[in-house]
Amino acid sequence: MAALPPAQLLNRETRAVHAAAFWQPGRGIVAAREDVGRHNALDKLVGALARRQIDGSSGIVLLTSRVSVEMVQKTAILGASVLVAVSAPTALAVRVAEACGITLVAIARGQDFEIFSHPMRIRSRDGELVEPIRPNPWHLARGLP
């Protein structure tokens, strides 16, 4: 997420747009798109990746918005298995991410974040599973880590 602000040229000027970006291990952000509408930003990103023939399973989607079910569905269609956002997800978005096998990380600000689904994909730099900052009520209700 720290790599996203430098890619937000329009937001730097207006402070009024959302961004969606695609990050790949070893390469960083390979595509970023902005729009007043958060859905439009993600749609533009998906289109840019398709035009460049970038496989959605090769990286993660980053969002500067809240996560609704449609954002999770678009990430699933893209083929990405990890979605990270600065704001909170809706309950339906969490359920759909869980059903689609997507690791949903949200409220990602600075070094803090919460993992809402499929936490096994998130590891520290030394390879250890990352422990959530605080127990996630969604996981506790379902007996998940």
Side-chain angles (χ1 to χ4, degrees), residues 1-134 136 138-139 142 144-145:
M1 291 304 285
L4 192 50
Q8 293 180 263
L9 304 177
L10 185 57
N11 192 56
R12 219 179 354 245
E13 291 181 29
T14 66
R15 301 279 187 223
V17 296
H18 292 288
F22 193 71
W23 182 91
Q24 291 179 318
R27 295 185 66 199
I29 292 178
V30 296
R33 296 296 182 269
E34 297 175 281
D35 197 281
V36 171
R38 60 193 173 93
H39 291 275
N40 295 345
L42 184 52
D43 291 343
K44 287 178 178 181
L45 177 67
V46 170
L49 296 174
R51 279 194 311 276
R52 293 175 53 192
Q53 298 181 334
I54 295 174
D55 180 8
S57 67
S58 68
I60 67 173
V61 173
L62 307 175
L63 301 175
T64 62
S65 66
R66 67 185 178 87
V67 184
S68 63
V69 66
E70 298 88 359
M71 306 301 261
V72 173
Q73 290 169 330
K74 291 173 186 187
T75 299
I77 289 167
L78 177 63
S81 59
V82 179
L83 172 61
V84 181
V86 298
S87 199
T90 65
L92 182 56
V94 174
R95 288 194 301 272
V96 171
E98 188 69 42
C100 290
I102 292 174
T103 297
L104 176 56
V105 179
I107 315 171
R109 301 172 186 156
Q111 298 296 314
D112 297 337
F113 57 89
E114 293 186 36
I115 305 169
F116 288 84
S117 62
H118 300 282
M120 68 286 190
R121 290 191 183 100
I122 307 300
R123 298 189 177 273
S124 67
R125 290 177 194 252
D126 62 2
E128 297 295 317
L129 282 174
V130 172
E131 292 294 323
I133 295 168
R134 62 181 182 265
N136 183 315
W138 178 262
H139 287 173
R142 286 152 187 81
L144 300 171

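The basis for the numbers below is simple: all heavy atoms, side chains too, and nothing from hydrogens, waters or symmetry mates.
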(message) Quick test of your reading: applying salt bridge (charged side-chain N to carboxylate O under 4.0 Å, His left out), list the pairs with at least one residue in residues 70-79, sequence neighbours left out, ordered by first then second residue.
(response) D43-K74

(request) To the nearest 0.5 Å, tell me how far L78 CG sits from I60 CD1. (result) 12.0 Å

(message) N40: which residues meet the side-chain hydrogen bond (donor to acceptor under 3.5 Å, both in side chains) condition with it, sequence neighbours left out?
(response) D35

(request) Looking only at non-hydrogen atoms, find the nearest pair between R109 and V86 and report the distance. (result) NE-O, 2.9 Å

(request) Compare every heavy atom of A31 with every heavy atom of L49, then report the nearest pair and how far apart it is. (result) CD2-CB, 3.9 Å

(request) Would you mind reporting whether V46 and I77 have side-chain heavy atoms less than 4.5 Å apart? (result) no

(message) Treating R33 as the side-chain partner and G47 as the backbone partner, does any N or O pair qualify as donor plus acceptor under 3.5 Å?
(response) no

(request) Of all the heavy-atom pairs spanning V84 and A108, show the shortest one and how long it is. (result) CG1-CB, 3.8 Å

(message) Among I102, V69, L104, exactly one meets side-chain contact (heavy atoms from CB on, under 4.5 Å) together with V96. Which residue is that?
(response) V69

(message) If I compare all heavy atoms of L63 with all of A20, which pair ends up nearest, and what's the gap?
(response) CD2-CB, 3.7 Å

(request) Please answer whether the main-chain N or O of G79 pairs with a side-chain N or O of S57 as donor and acceptor at a distance below 3.5 Å. (result) no

(message) Assess, by modelled atom type and distance only, whether the side chains of R38 and S65 contain a donor and an acceptor separated by less than 3.5 Å.
(response) no

(message) A side-chain contact here means heavy atoms from C-beta on lying under 4.5 Å apart; do P119 and E114 qualify?
(response) no

(message) To the closest 0.5 Å, what do you measure between CZ (F22) and CD1 (I29)?
(response) 11.5 Å

(request) List in chain and number order the residues that pass side-chain hydrogen bond (donor to acceptor under 3.5 Å, both in side chains) with R27, two or more places apart in sequence or in another chain; answer none if no residue qualifies. (result) Q24

(message) So if I apply the side-chain contact (heavy atoms from CB on, under 4.5 Å) rule between E34 and each of K44, Q8, H18, which one comes out positive?
(response) Q8

(request) Grab the two heavy atoms, one from A76 and one from C100, that are nearest each other, plus how far apart they are. (result) CB-SG, 4.2 Å

(request) Looking only at non-hydrogen atoms, find the nearest pair between A106 and S87 and report the distance. (result) CB-O, 3.2 Å

(request) Nearest 0.5 Å please: distance from the CG atom of L42 over to the OG atom of S68. (result) 9.0 Å

(request) Could you check F116 against I107 for side-chain contact (heavy atoms from CB on, under 4.5 Å), going step by step and ending with a plain yes or no? (result) CA-CA 10 Å; F116 288 84; I107 315 171; 4.1 Å; yes

